[in-house]
Amino acid sequence: MKVISHRAYINGPDESRENNPDAIEEALKDVLYVEVDIRLIGGDYYLGHDKAKYKAKFEIAWDNLR
């Protein structure tokens with residue numbers, strides 16, 4: 001069975017964790033898979049469900065998928 005964290009939630013909804021890069025890193029260590037919301041704006045990628053909240057650095061995020 002694969003456990004997938006939704007927007008970096010581990011123990012239910014928590015707005016401070018939602019698509020937060022630090023929370024994503026933590027969730028990747030705990031559950032291995034994380035679903036996040038990614039937006040492309042002006043050639044840059046951002047994390048955020050309803051709006052662009054965190055500028056994404058894929059060189060960091062993608063390293064966790066190895």
Side-chain angles (χ1 to χ4, degrees):
M1 175 169 70
K2 293 182 182 179
V3 176
I4 302 171
S5 169
H6 182 71
R7 299 182 189 151
Y9 300 149
I10 294 175
N11 296 307
D14 178 349
E15 191 172 321
S16 69
R17 293 184 64 82
E18 185 173 289
N19 292 302
N20 179 306
D22 293 332
I24 293 167
E25 297 260 350
E26 181 183 333
L28 285 169
K29 291 176 186 172
D30 287 344
V31 299
L32 300 180
Y33 299 95
V34 179
E35 176 275 331
V36 296
D37 300 295
I38 301 173
R39 299 169 173 273
L40 177 61
I41 301 172
D44 292 317
Y45 291 95
Y46 293 85
L47 299 167
H49 178 66
D50 293 321
K51 62 182 178 180
K53 195 167 181 181
Y54 304 99
K55 190 167 184 179
K57 296 181 181 179
F58 284 104
E59 66 276 5
I60 294 171
W62 294 118
D63 284 347
N64 291 313
L65 296 177
R66 293 185 198 161

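Just so we're clear, the structure is a prediction, and the values are computed from it rather than from any experiment.
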Shared hydrophobic cluster for Tyr45 and Ile24 (ILVMFWY, side-chain gaps under 4.5 Å): yes
Contacts of type side chain to side chain donor-acceptor pair (under 3.5 Å), residue Asp14, not counting sequence neighbours: Ser16
Value rounded to 0.5 Å, distance of NE2 in His49 from CZ in Arg7: 4.0 Å
Main-chain N/O of Asp37 paired to Asn19 side chain as donor or acceptor, under 3.5 Å: yes
Minimum-distance pair of heavy atoms, taken over all atoms of Ile10 and Ser5: N-OG, 4.4 Å
Considering all heavy atoms, the nearest Val34-Val36 contact: CG1-CG1, 3.6 Å
Residues in side chain to side chain donor-acceptor pair (under 3.5 Å) contact with Tyr33, at least two apart in sequence or another chain: none
CD on Glu26 to CZ on Arg17, rounded to 0.5 Å: 4.5 Å
ILVMFWY network linking Leu28 to Ile38, side-chain heavy atoms under 4.5 angstrom: yes
Contacts of Lys55 that satisfy side-chain contact (heavy atoms from CB on, under 4.5 Å) - sequence neighbours left out: Asp44, Tyr46
